[in-house]
K.L.:
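Questions regarding the structure given below will be posed in turn.
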Amino acid sequence: MSLPRACTMNILAELRSRFEPVLTEWTDAPSSVIEMLKASQDAKFGDYQANFAMPLAAGIPDLKPRELASQIVEKVDLSDFCEPLEVAGPGFINIRLKQDWLNTQTQNLVADERLGVKPAESPQKVIVDFSAPNVAKPMHVGHLRSTVIGDANYRVLKFLGHDVVGDNHIGDWGTQFGMIIFGYKHFLNQECFKQNPVHELARLYRLVNQLSDYHATQTKIPRQQAEIEQLTDKLKTREGSADLTNKKIQKEVKKLKSDLAERKSELQEMQEKQTLLEQNEDLHSKATAFPDIARQAREETARLHAGDADNLELWKQFLPQCLDAIQTVYDRLDIHFDMSLGESYYNPMLADVVADLKERGLAEESQGAICVFIDGFKSPFMIQKQDGAFTYATTDLATIKYRVEELKADRVLYVVDSRQSEHFQLLFATVKEWGYADLELQHVSFGSVLGENKRPLKTRAGDNVGLESLLDESIQRAYAIVVENDEAKPDGPELSETERRQISEVVGLGGIKYADLKHNRDSDYMFDWDKMLANRGDTATYMQYAYARVCGIFRKGQIDRIALRDQQAALSLVDASERALALQINRYSEILESVAIEARPNYLTNYLFELSNLFSTFYNNCPVLKAEQEEVKTSRLLLCDLTARVIEHGLSLLGIKTCERM
RNA sequence: GCGCCCGUAGCUCAGCUGGAUAGAGCAACGGACUUCUAAUCCGUAGGUCAGUGGUUCGAAUCCACUCGGGCGUACCA
């Protein structure tokens, strides 16, 4: 279907562009205050409100904010689409859209396949760097946020008309590969490898990691014990001799106590871990046989990087298999990349990067390593280690160079854990000095996924929760809900087994993604199955259900949606719930703009939840098929159609699917 | 030690970068199904926005300090 492009507008943008020139009479920089024109928080203050009269008046002697607001109101002509403007309170300007205009505007959306969203006027080349798993380790819940948030931002930017490249910067060259190679050479189970190579490689990685960890902990324990003794002594002297009424001392004692408790619990944890391994005869004998396993694994990595034929051969053999395994997860999640240039791709460029930075005097030697020191930062940005190996900092720099020079990037989004924020600050600062000052770099950081204990989500054994098993469980739980709901329908079950399975998948995967996206990405959030798949509340299911209800109306009424749109029938918003719904639909483009600027998909989830809620209210208040007059029925059908389109489209930008019936 | 982030209803979280009486969702209580799907809607109750001070017409939001929590901090990525 191809619809003609109708005359639609971004209302907020339009209002701002009408006000902005008028404001020049009172300020040199109207653009700095124009953002104070925004959607009203409360419908009683109109549809939009402008708050800039107050700050503007503050800079002008003898001018009261209310007076200034009145003067602005006189100068701005919005009579073509707004009711007369009102000045309220200390100087707010309240804006209400004309009913007729809103009718027409909404009607225009019917014929607009982009739902009122105009492509960007100056499209950028944007690289979205997201997901970035390590090939050595199976994907776990920690990869969920980067993947899902990255994908949503990717889709939104693309829809807004930017030239977007989704790049999966896979960890395929790091230390973990040395571990696999070492494991392969010493602990391989041929049979398992034949049957499921990726599984066996993952086991080898875990094994080598575990053994290295064992020895590292072994040396750490005496140190920890010594520290505990030291702290205990210090605490004794403080508590004994000093003046305990002194606030400073009190504070110190408190700190010592909490430190001590922390160290002790750490020690206990270490000891338990060691005992656990020692109880396993197989593991223990392996650990004894390879006391220097960590160094040996590092050497395998070094050999790989140096081009050792055997290791390179192994790497070439493992990599495609690992990538295939990762790909199956992406397929399930419906995530796509335009390119997957892993760390290994940049390997040949790293030496030049270091040489270049040294030549420009940006990098210098320090304690045997090559570092960039940035003003205001204590930690160095290390680009080459003592042993000559490059770091991920080097790779990141090479990647930026490549993205600017080869891909012609204007903007790069790094969808990466907030714990790496210092790394990105250093990276961005270095890049700026390196000469890529025009490049827009943004660390799209996000918090952790927590379990019920408010600690990062782990299995009971303390391992990371595998991503695949997480998806499986979600779909399984969704299935139970789908079945239960279908069985409870007034006229008996409606869905076939196949449909039930399909719906479970859409609901289960949607639930996981939505739960992740609805939170402000900066904050940690608590993973909770029940909330995620709940029938009610702010969940993907709620929106999917609203969508399915609209589909139900069209199915029952045997109405062809395309034909309905082509009728070009009049849309008339009478009931308050119709008006509120239509206004929300008209705001779609505003929301997407804000998502794109701040890379915050939660603005969109929030919008869609409100939209679905407004629809449900409308649905309860306004009969559609049973409307008394034919024009009312048609008008409401148009509104239903638009609602469903926005929900479906909005969810699709979040990577979430919908079903015709549930 | 230094740096970054956080503290909002019983619980989980929003709060659009300084605006009007701080909002949702759960949970609680009360209403609405001979009805286009009740996986719904409507209503009630629930707050010292951790604390103190400051900036101004106006602060959950900005600044300083205090208390409490998380994370990072030279050869892992």
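Convention: sequence-line order gives letters A, B, ...; per-chain numbering from 1.
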K.L.:
Between B:rA9 and B:rA28, how far apart are the two C1' atoms, rounded to whole Å?
P.N.:
12 Å
K.L.:
Between A:Arg549 and B:rA38, is there a side-chain N or O to OP1/OP2 distance below 4.0 Å?
P.N.:
yes
K.L.:
Taking only side-chain nitrogens and oxygens of A:Lys38, does any of them come within less than 4.0 Å of OP1 or OP2 of B:rU17?
P.N.:
yes
K.L.:
Under a 90° cut-off about 0 for the syn range, is B:rU17 syn or anti?
P.N.:
syn
K.L.:
Indicate, with a heavy-atom threshold strictly under 4.0 Å, whether A:Met662 touches base, sugar-phosphate, or nothing.
P.N.:
base
K.L.:
Kindly assign one of parallel, tilted or perpendicular to the pair A:Tyr414 and A:Phe428, based on the angle between their ring planes and the thresholds 30° and 60°.
P.N.:
tilted
K.L.:
Rounded to the nearest 0.5 Å, what separates atom CD1 in A:Ile647 from atom OH in A:Tyr588?
P.N.:
10.5 Å
K.L.:
Is it possible for you to check whether A:Arg549 lies under 6.0 Å from the centre of the six-membered ring of A:Phe615, through NZ or CZ, and within 45° of that ring's axis?
P.N.:
no
K.L.:
Using a cut-off of strictly less than 4.0 Å, decide whether A:Ser594 has a side-chain nitrogen or oxygen near OP1 or OP2 of B:rU17.
P.N.:
no
K.L.:
Between B:rA74, B:rU37, B:rU21, which one does the side chain of A:Arg661 approach most closely?
P.N.:
B:rU37
K.L.:
Please state the C1' separation for the pair B:rG72 and B:rG15 - nearest whole angstrom.
P.N.:
28 Å
K.L.:
Measuring only the P atom in each nucleotide, how far is B:rA27 from B:rC11? A whole number of Å is fine.
P.N.:
16 Å
K.L.:
Out of B:rC13, B:rG19, B:rC41, which nucleotide sits closest to the side chain of A:Thr617?
P.N.:
B:rC41
K.L.:
Name the closest nucleotide to the A:Ser379 side chain, picking from B:rG19, B:rU21, B:rU73.
P.N.:
B:rU73
K.L.:
For A:Gln49, answer base if it contacts any base atom (sugar-phosphate contacts may also be present), sugar-phosphate if it contacts only those atoms, and nothing otherwise; contact means non-hydrogen atoms under 4.0 Å.
P.N.:
base
K.L.:
Which nucleotide, in any strand shown, forms a Watson-Crick or G-U wobble pair with B:rU44, with both distances under 3.5 Å?
P.N.:
B:rA28
K.L.:
Answer yes or no: is there a donor N or O on one side and an acceptor on the other, between the side chain of A:Ser445 and the main chain of A:Ser418, under 3.5 Å?
P.N.:
no
K.L.:
Contacts to RNA chain B from residues 618-630 of chain A, heavy-atom cutoff under 4.0 Å, which residues?
P.N.:
A:Tyr619, A:Asn620, A:Cys622, A:Pro623, A:Val624, A:Leu625, A:Lys626
K.L.:
Which one, B:rA39, B:rC36, B:rC57, comes nearest to the side chain of A:Met54?
P.N.:
B:rC57
K.L.:
Between A:Asp417 and A:Arg145 (salt bridge meaning N to carboxylate O under 4.0 Å), is one present in this structure?
P.N.:
no
K.L.:
Looking only at side chains, do A:Asp396 and A:Tyr346 share a donor and an acceptor under 3.5 Å apart?
P.N.:
no
K.L.:
Working to the nearest 0.5 angstrom, can you tell me the gap between A:Leu625 CG and A:Gln558 CD?
P.N.:
10.5 Å
K.L.:
Answer with base, sugar-phosphate or nothing: what part of the nucleic acid does A:Gly552 contact at a heavy-atom distance below 4.0 Å?
P.N.:
sugar-phosphate
K.L.:
Could you check which of B:rU37, B:rC13, B:rA24 has an atom nearest any side-chain atom of A:Met526?
P.N.:
B:rC13
K.L.:
What's A:Pro55 touching, base or sugar-phosphate or nothing? Going by heavy atoms closer than 4.0 Å.
P.N.:
base
K.L.:
Nearest to the side chain of A:His519 - B:rC2, B:rA74, B:rA14?
P.N.:
B:rA14
K.L.:
Taking CD1 from A:Ile503 and P from B:rA39, how many angstroms apart are they, rounded to a whole number?
P.N.:
14 Å
K.L.:
With respect to the side chain of A:Lys556, which nucleotide from B:rC13, B:rU37, B:rA74 is positioned closest?
P.N.:
B:rU37
K.L.:
Rounding to an integer number of angstrom, what distance separates B:rA59 and B:rG46 when you compare their C1' atoms?
P.N.:
24 Å
K.L.:
When the C1' atoms of B:rU61 and B:rA20 are considered, how many whole Å apart are they?
P.N.:
16 Å
K.L.:
Do the numbers put A:Arg16 on top of the ring of A:Tyr48, so that NZ or CZ is under 6.0 Å from the six-membered ring centre and no more than 45° off the axis?
P.N.:
no
K.L.:
Using a 3.5 Å distance criterion without hydrogens, assess whether the side chain of A:Asn613 forms a donor-acceptor pair with backbone atoms of A:Phe609.
P.N.:
no
K.L.:
Which heavy-atom pair separates A:Arg66 from A:Val87 by the least distance, and what is that distance?
P.N.:
NH2-O, 3.4 Å
K.L.:
Scan every strand shown for a Watson-Crick or G-U wobble partner of B:rA14, both distances under 3.5 Å, and answer none if you come up empty.
P.N.:
none
K.L.:
Please verify the inter-ring angle class for A:Trp173 with A:His305; under 30° counts as parallel, over 60° as perpendicular, anything in between as tilted.
P.N.:
parallel
K.L.:
Indicate whether OP1 or OP2 belonging to B:rC41 is found under 4.0 Å from a side-chain N or O atom of A:Tyr542.
P.N.:
yes
K.L.:
Could you check which of B:rU40, B:rG19, B:rC11 has an atom nearest any side-chain atom of A:Lys531?
P.N.:
B:rC11
K.L.:
Of A:Tyr392 and A:Cys371, whose closest RNA chain B nucleotide lies nearer the 5' terminus?
P.N.:
A:Cys371
K.L.:
Is A:Asp538 touching bases, backbone alone, or none of the nucleic acid, heavy atoms closer than 4.0 Å?
P.N.:
sugar-phosphate
K.L.:
What is the pairing partner of B:rG72, taking Watson-Crick or G-U wobble pairs with both distances under 3.5 Å in any strand?
P.N.:
B:rC2
K.L.:
Report the base-pairing partner of B:rA60 (Watson-Crick or G-U wobble, both distances below 3.5 angstrom), or none.
P.N.:
none
K.L.:
Among B:rA20, B:rA39, B:rA14, which nucleotide has an atom closest to any side-chain atom of A:Phe45?
P.N.:
B:rA20
K.L.:
Please walk me through it: do A:Arg521 and A:Glu598 pass salt bridge (charged side-chain N to carboxylate O under 4.0 Å, His left out)?
P.N.:
CA-CA 11 Å; A:Arg521 59 177 166 76; A:Glu598 293 185 47; over 6 Å; no
K.L.:
Looking at A:Gln41, does any N or O in its side chain come under 4.0 Å of the phosphate oxygens OP1/OP2 on B:rA20?
P.N.:
yes
K.L.:
Toward the 5' end of RNA chain B, which comes first, A:Ala488 or A:Arg521, by nearest nucleotide?
P.N.:
A:Arg521
K.L.:
Using the C1' atom in both, what is the distance from B:rG7 to B:rC13, to the nearest Å?
P.N.:
13 Å
K.L.:
Look at the side chain of A:Thr27 and the backbone N and O of A:Ala29, then say whether any donor-acceptor pair between them is shorter than 3.5 Å.
P.N.:
yes
K.L.:
As a test of understanding, state which of A:Asp491, A:Asn485, A:Asp486 forms a side chain to side chain donor-acceptor pair (under 3.5 Å) with A:Lys489.
P.N.:
A:Asp486
K.L.:
Could you give the distance separating B:rC67 and B:rC26 at their C1' atoms, to the nearest angstrom?
P.N.:
30 Å
K.L.:
With no angle test and no hydrogens, is the base of B:rA39 tied to the side chain of A:Asp486 by a donor-acceptor pair under 3.5 Å?
P.N.:
no
K.L.:
Let's see if you can work this out: which of B:rC41, B:rA20, B:rA14 has an atom nearest to the side-chain heavy atoms of A:Asn606?
P.N.:
B:rA14
K.L.:
Could you tell me whether the phosphate oxygens of B:rG15, OP1 or OP2, come under 4.0 Å of any side-chain nitrogen or oxygen in A:Asn602?
P.N.:
yes
K.L.:
Suppose you measure atom P in B:rC63 against the same atom in B:rC16; what distance do you get, rounded to whole Å?
P.N.:
15 Å
K.L.:
Could you list by number each residue of residues 448-458 of chain A showing a heavy-atom separation from RNA chain B of less than 4.0 Å, or answer none if no residue does?
P.N.:
A:Lys454, A:Arg455
K.L.:
Can you say whether a donor on the side chain of A:Ser366 sits under 3.5 Å from an acceptor on the base of B:rA74, or the other way round?
P.N.:
yes
K.L.:
May I ask you to verify if any side-chain N or O of A:Arg536 is less than 4.0 angstrom from the OP1 or OP2 atom of B:rU40?
P.N.:
yes
K.L.:
Taking any strand in view, what nucleotide pairs with B:rU21 in a Watson-Crick or G-U wobble way, both distances under 3.5 Å?
P.N.:
none
K.L.:
Just to confirm, is there a sub-4.0 Å distance from OP1 or OP2 of B:rC13 to any side-chain nitrogen or oxygen of A:Asn520?
P.N.:
no
K.L.:
With both distances under 3.5 angstrom, what nucleotide forms a Watson-Crick or G-U wobble pair with B:rU55?
P.N.:
none
K.L.:
Hey, does A:Ala534 reach any base, or is it just sugar-phosphate, or nothing, if we go heavy atoms under 4.0 Å?
P.N.:
nothing
